[in-house]
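All residue numbers refer to positions in the sequence shown, counting from 1. Since this is a predicted model, take the numbers as computed values, not measurements.
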Amino acid sequence: MAAITPPKSLPQYSSPKRKTSCLPPTHFDYSLSFNTTHLSLVPKVGTKWVNITSLRGKTMGWKRRRDGPAVVRCTAEGIEEGMLAGGRGQEGHVAVPERFKVAALVACVMCLCNADRVVMSVAVVPLAAKHGWSSSFLGIVQSSFLWGYVFSSVIGGALVDKHGGKRTLAWGVGLWSLATLLTPWAADHSTTSLLAVRAFFGLAEGVALPSMSTLLSRWFPSHERATAVGISMAGFHLGNVVGLVLTPMAMSSVGICGPFFIFSSLGLLWVTTWAYGVANDPRDSRSITNSELRLIQAGKSDFSVNKSGKLPPLRFLLSKLPTWAIIFANITNNWGYFVLLSWMPVYFNTVFAINLKQAAWFSAVPWGTMAVSGYIAGALSDFLIKAGYSLTLVRKIMQSIGFIGPGISLLCLNFAKTPVAAAILITAALSFSSFSQAGFLLNIQDIAPRYAGFLHGISNSAATMAAILSTIGTGYFVQWLGSFQAFLTLTAVLYFISTIFWNLYATGERLF
């Protein structure tokens with residue numbers, strides 16, 4: 001039960017020597033005590049004194065301020081929570097916390113990131129019919145995006161560590177939007193031009209995930225980071241839904257060029273909003289409140305940002321088994337993810353003989369469910385951490401769900417007899433797979449907070465090579481054996497082996 005403790009006497013304005021209050025004499029000092037939680041009210045008066053204290057520096061003294069609205073401060077164990085509404089100089093109205101605005105913008109660009117990839121997965125069917133491409137060459141076209149992606153991951157990760165995610169991500173979005181716009185022209189010009197443009201597209205998109213990871217680690221306290229990643233990755237997975245549904249509709253009404261023009265325009269619009277609305281670090285933001293900034297900093301481990309650009313020796317990073325656990329998990333995740341992303345429309349069209357629009361709808365449902373389950377995984381992970389479970393145990397639980405679930409689902413997919421049954425099993429596979437976001441993806445920041453971008457780039461490059469092999473390999477397996485069953489079984493086995501390796505060697509402790 002809260003105990004209300006009124007002041008013994010109201011402070012007199014003529015008594016500045018009163019030592020029981022840290023406030024200047026013009027403040028009323030009421031307090032509502034909940035053990036370590038205190039609620040204090042500063043009323044509206046003609047003239048009041050404000051303590052000018054910044055988290056970026058030291059206490060600067062007292063400043064006289066004219067009439068202003070009452071300010072409510074909630075302090076829990078020394079942390080001012082977000083009852084103080086608005087940014088600096090914007091008190092008096094309720095506002096969304098600045099960190100969630102950042103997460104929303106990141107989610108939007110991750111949606112575009114994946115939608116731009118998916119456009120080609122749908123458009124490749126009429127393009128193959130138009131140009132007479134074989135199934136094996138179709139796999140090469142699908143994988144060409146990854147040729148550039150594999151090189152930009154490490155470089156992009158290092159740039160993110162040095163310059164931050166804001167600038168790196170803005171340049172990446174601008175360049176990949178340009179490549180998206182040029183794709184249909186390149187396809188009509190020559191296959192060489194098409195492969196070059198798609199490789200350039202992948203080169204630009206390689207910075208997206210390292211930028212997201214680093215930005216969210218700076219903007220969110222540790223106990224909210226999994227939820228923030230869940231929100232952002234929900235946008236990423238919804239990009240599949242948007243691309244799979246809108247692309248055939250746009251092609252049927254405008255032509256093959258339609259979806260490429262739409263998504264590239266949205267990307268350039270996002271860059272404009274991003275450039276003026278976000279800071280690399282909450283300490284550099286002009287919109288964040290002091291209470292929110294204190295909350296963010298109090299909930300993060302103490303580490304210095306790598307502004308020098310110097311990277312740790314690669315041999316040192318690779319000498320630790322937890323690093324290899326992350327790399328192997330990323331390889332497995334990308335292997336299965338890109339098999340389903342690149343071949344799902346073709347799978348439904350080939351195995352169940354349904355048209356492209358129907359195949360797009362059957363393909364879109366699993367990705368939409370994955371967006372929801374990814375958020376659930378993040379919220380569950382944060383809940384377990386707050387409940388006192390060790391970070392290592394939570395990461396192992398999340399990653400085990402993220403691998404065992406898809407493995408079992410893909411094995412069962414071999415026996416699906418209807419498109420509805422196949423859609424349900426693929427939905428289950430992708431829904432379980434989204435738990436990896438709270439596994440290896442967050443574990444990168446756990447073990448190497450200063451070099452997270454670089455380590456993410458290394459693991460992403462290895463995973464991209466695996467994605468290239470799986471995308472091309474699926475085409476050859478289908479052409480050679482006439483079915484998807486063998487490759488689905490191989491992918492399921494890889495999931496199970498990775499689960500064992502992860503549980504043996506992964507850790508939540510900081511190593512670098």
Side-chain angles (χ1 to χ4, degrees), residues 117 121 124 134-147 149-150 240 324-352 359 362-363 366-367 370 399-417 419 421-436 439-440 459-505:
R117 300 182 191 183
S121 296
V124 76
S134 64
S135 294
S136 57
F137 185 73
L138 198 85
I140 294 175
V141 173
Q142 294 277 56
S143 68
S144 58
F145 150 79
L146 298 168
W147 303 350
Y149 193 81
V150 68
N240 288 302
W324 286 103
I326 289 174
I327 292 173
F328 196 19
N330 205 344
I331 286 173
T332 304
N333 184 71
N334 266 27
W335 179 286
Y337 182 86
F338 277 94
V339 166
L340 295 175
L341 175 66
S342 301
W343 288 96
M344 205 182 301
V346 180
Y347 169 80
F348 280 106
N349 181 262
T350 303
V351 176
F352 299 107
F362 275 111
S363 303
W367 300 110
M370 189 179 188
Q399 192 59 65
S400 296
I401 296 172
F403 279 170
I404 294 175
I408 295 174
S409 300
L410 291 183
L411 287 178
C412 294
L413 185 60
N414 288 326
F415 304 98
K417 302 299 182 183
I424 291 173
L425 289 169
I426 292 175
T427 298
L430 291 173
S431 297
F432 286 123
S433 177
S434 64
F435 278 73
S436 293
F440 81 87
S459 66
N460 240 18
S461 293
T464 302
M465 292 299 297
I468 293 173
L469 290 175
S470 68
T471 305
I472 297 177
T474 303
Y476 278 101
F477 264 70
V478 171
Q479 185 172 323
W480 178 35
L481 300 175
S483 73
F484 286 85
Q485 288 185 345
F487 210 76
L488 291 174
T489 301
L490 175 64
T491 302
V493 171
L494 184 60
Y495 274 125
F496 298 142
I497 295 173
S498 294
T499 304
I500 296 171
F501 192 86
W502 175 264
N503 280 282
L504 287 175
Y505 300 115

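Here the closest non-hydrogen pair linking A492 and G407 is CB-O, 3.4 Å. Listed here is the closest heavy atom pair of F440 and A329: CB-CB, 3.8 Å. In terms of heavy-atom proximity, Y495 sits nearest to G402 at CE2-O, 4.4 Å. The two residues S431 and M370 make their nearest non-hydrogen contact at OG-N, 4.2 Å. Of all heavy-atom pairs between T491 and G336, the closest is CG2-CA, 3.9 Å. Shown here for T464 and N334, the closest heavy-atom pair between the two residues is N-ND2, 4.0 Å.
Side-chain atoms of S433 never come within 3.5 Å of backbone atoms of A429 as a donor-acceptor pair (strictly under, hydrogens ignored).
Residues satisfying the side-chain hydrogen bond (donor to acceptor under 3.5 Å, both in side chains) criterion with S470, sequence neighbours excluded, are absent altogether. When the side chain to side chain contact (heavy atoms under 4.5 Å, CB included) test is applied to A462, the partners found at least two apart in sequence or on another chain are I327, I331. In this view, L488 and L410, L413, N414, F484 satisfy the side chain to side chain contact (heavy atoms under 4.5 Å, CB included) rule, not counting sequence neighbours. For W502, there are no side-chain hydrogen bond (donor to acceptor under 3.5 Å, both in side chains) partners two or more places apart in sequence or in a different chain. When the side chain to side chain contact (heavy atoms under 4.5 Å, CB included) test is applied to F137, the partners found at least two apart in sequence or on another chain are W133, S134, I140, V141, T191. Scanning for side chain to side chain contact (heavy atoms under 4.5 Å, CB included) contacts around T499 gives S400, F403, I404, N503, with sequence neighbours left out.
If you take CG on N333 and CD on Q399, they are separated by 7.0 Å, rounding to the nearest 0.5 Å. Put simply, CG on L425 and CG on L430 are 11.0 Å apart, with the number rounded to the nearest 0.5 Å. With rounding to the nearest 0.5 angstrom, the CD1 atom of I426 is 12.5 Å from the SG atom of C412.
Between F328 and the choices Y505, F501, W335, the ring pair (Phe, Tyr, Trp, His ring centres under 6.0 Å) rule is met once, by F501.
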